[in-house]
Peer 1: 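Below you'll find the structure I mean.
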2 protein chains.
Amino acid sequence: MQTTTNASQSVADAITCMIADDHEVVREGLRLALSRVPNIRVVGEASDGESAVAMAQRRRPDVIVMDLRMGGIDGIEAARQIRKTNPACRIVIFTGQPERNLLTRGRDAGCAGYLLKEAPHTTIIRAIERVSGGDEFIDPALAPALASSEREGLLTNREREILQLLANGMSNNDVATKLFISQETVKSHVRHILAKLEADTRTQAVAIALREAIID
Amino acid sequence: MQTTTNASQSVADAITCMIADDHEVVREGLRLALSRVPNIRVVGEASDGESAVAMAQRRRPDVIVMDLRMGGIDGIEAARQIRKTNPACRIVIFTGQPERNLLTRGRDAGCAGYLLKEAPHTTIIRAIERVSGGDEFIDPALAPALASSEREGLLTNREREILQLLANGMSNNDVATKLFISQETVKSHVRHILAKLEADTRTQAVAIALREAIID
DNA sequence: TCGTTGATCCCCATAACGGGGGAGCGTGTG
DNA sequence: CACACGCTCCCCCGTTATGGGGATCAACGA
């Protein structure tokens with residue numbers, strides 16, 4: 001399965017790997033799985049975004065396996081910060097459920113791999129080896145979610161912003177006041193939103209956007 | 001930390017424990033954690049609801065640590081089926097994020113404990129020991145979510161039904177036609193929904209209901 | 001039995017929404 | 001430079017939603 005050596009001890013040119021996940025059992029399971037692979041060496045574990053960033057800068061691992069949901073700054077933001085100071089570091093998103101929103105944000109943050117937590121160990125190990133070699137690795141089960149995320153660019157920023165306000169119970173007039181624009185402008189935006197989301201009412205548009213994680 | 005023995009081998013009166021989770025790394029991490037506790041013995045692992053039910057009936061563990069989200073039938077339904085044929089079996093819900101809906105359904109299914117995956121090992125072990133002794137155990141971080149789930153009975157069935165239709169883009173008139181009632185009745189229901197959810201608009205009501213999983 | 005609650009229906013008013021058209025203005029891209 | 005696109009604003013119109021005030025009736029439980 002691995003490409004080098006037969007040793008049981010750490011290898012000089014091993015892939016250094018960091019784990020960032022707020023679930024202790026996940027970290028432990030992952031470390032155990034990786035410890036069986038001779039050419040992968042786990043050099044650190046973090047349980048939240050801040051410490052992941054700090055640790056990554058000190059230990060400069062080749063690869064980080066990173067959960068998206070963590071306390072403090074989330075995995076995406078942590079990835080962004082890490083790649084800003086250390087572009088050579090390859091980050092593998094390790095997520096429980098495929099969520100369009102987070103995945104595309106992960107891609108934008110410069111992540112190299114996408115794994116589901118239900119992935120078998122062999123897949124996880126392969127992903128680490130592949131991204132450390134410069135490739136991307138996308139969990140087969142995750143590919144469709146990434147593909148169908150064209151929804152991301154469907155609405156403009158302004159439209160998303162307005163839709164978010166509608167979801168918070170604001171009327172056209174409320175939105176207009178808040179954004180310092182005319183009510184007519186808001187109505188215009190809303191018409192576009194309805195057309196793009198193929199919704200009959202603003203209420204349905206909000207429901208669609210919430211379900212597809214276009215807004216929160 | 002544990003109450004009995006100093007042995008490194010399994011103990012005769014050990015708590016038998018089963019793990020049901022679709023994430024291999026979680027199962028592995030959990031098994032590793034529990035293997036360090038002398039009076040807990042892991043007697044099986046399942047990766048989906050069906051096999052969890054089948055395995056529970058064959059091996060009759062004292063305690064099952066069960067993820068809510070699994071392929072096939074989910075953890076709740078698995079718990080229900082297991083407790084139907086084996087009421088002595090104590091089930092600990094083991095979930096990533098606290099979700100009102102699933103937690104209350106878990107309680108209804110007769111589960112005895114509620115853990116977050118980010119719980120430290122000591123908490124997990126304590127939970128297993130406590131529920132095997134007949135107590136309930138609720139992760140402190142989870143208690144507020146369970147308490148605030150009064151939202152469950154807040155809306156009547158009819159109100160929930162109507163709110164669901166609103167989320168699908170129907171107008172008052174559409175709803176009235178579909179449900180064979182007067183539009184005035186729908187308006188009356190909507191007024192009540194807005195009041196109960198403390199929403200200013202139907203759109204906000206739908207957003208709230210979606211976020212709190214009152215509707216889908 | 002009486003009170004409560006859910007579901008149904010009705011009246012009124014004002015406010016908000018949905019849909020159609022057009023148009024100007026800045027930005028950025030080919 | 002021309003063109004597309006996002007954002008802004010305006011007009012028109014009819015429909016729908018919101019927020020009060022009522023009311024009736026059946027079912028359920030104290």
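Reminder, nothing fancy here: chain letters follow the sequence lines and each chain counts from 1. No experiment lies behind these values; they were computed from the predicted model shown. No hydrogens, no waters, no symmetry mates; every other heavy atom, side chains included, goes into these values.
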Peer 1: Between dA7(C) atom C1' and L179(B) atom CG, what is the distance in whole Å?
Peer 2: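 Result: 12 Å.
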Peer 1: How does protein contact run along nucleotides 14-27 of chain C, one letter per nucleotide 5' to 3', with B for base contact, S for sugar-phosphate only, - for none, heavy atoms under 4.0 Å?
Peer 2: --SSBBBB------
Peer 1: Round to the nearest Å and state the distance from R160(A) atom CZ to dG6(D) atom C1'.
Peer 2: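 The distance from CZ of R160(A) to C1' of dG6(D) comes to 13 Å, rounded to the nearest Å.
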Peer 1: Quick one: Q204(B) CD to dA17(D) P, roughly how many Å, whole number?
Peer 2: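 Result: 17 Å.
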Peer 1: In terms of side-chain geometry, is the basic nitrogen of R158(A) or E161(A) positioned less than 4.0 Å from the acidic oxygen of its partner?
Peer 2: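 Between E161(A) and R158(A) there is a salt bridge, with a charged N closer than 4.0 Å to a carboxylate O.
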Peer 1: Would you kindly say whether D62(B) and S132(B) are connected by a side-chain donor-acceptor distance under 3.5 Å?
Peer 2: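 Checked: D62(B)/S132(B) side chains show no N/O donor-acceptor pair below 3.5 Å.
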Peer 1: H192(B) has an atom NE2; how far is it from atom P of dC9(C), in whole Å?
Peer 2: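 It is 14 Å, rounded to the nearest whole Å.
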Peer 1: What's the CG-P distance between N157(A) and dG6(D), to the nearest Å?
Peer 2: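 The distance from CG of N157(A) to P of dG6(D) comes to 10 Å, rounded to the nearest Å.
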Peer 1: Tell me the interatomic distance from I162(B), atom CD1, to dC9(C), atom C1', rounded to whole angstroms.
Peer 2: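 Distance check: I162(B) CD1 to dC9(C) C1' gives 13 Å.
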Peer 1: Please state how far atom CD in E161(A) lies from atom C1' in dC7(D), giving the value in whole angstrom units.
Peer 2: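 Interatomic distance, CD of E161(A) to C1' of dC7(D): 12 Å.
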Peer 1: For R27(A), is there an ion pair with D22(A) - N to carboxylate O distance below 4.0 angstrom?
Peer 2: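 Not counted as a salt bridge, because no side-chain N and carboxylate O are separated by less than 4.0 Å.
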Peer 1: Examine the side chains of T177(B) and D174(B) and answer whether a donor and an acceptor come within less than 3.5 Å of each other.
Peer 2: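 T177(B) vs D174(B): no donor-acceptor pair found between side chains.
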Peer 1: Any side-chain to backbone donor/acceptor pair from R90(B) onto V131(B)? Under 3.5 Å, distance only.
Peer 2: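 It does hold such a pair.
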Peer 1: May I ask you to say whether E77(B) pairs ionically with R80(B), meaning some side-chain N is under 4.0 Å from a carboxylate O?
Peer 2: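 Salt bridge flag = yes for R80(B) with E77(B).
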Peer 1: Determine: side-chain N/O of T185(A) to OP1/OP2 of dC9(D), distance under 4.0 Å, yes or no.
Peer 2: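 Affirmative; the distance criterion is met.
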Peer 1: Tell me the interatomic distance from H189(B), atom NE2, to dA7(C), atom C1', rounded to whole angstroms.
Peer 2: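 From H189(B) NE2 to dA7(C) C1': 5 Å.
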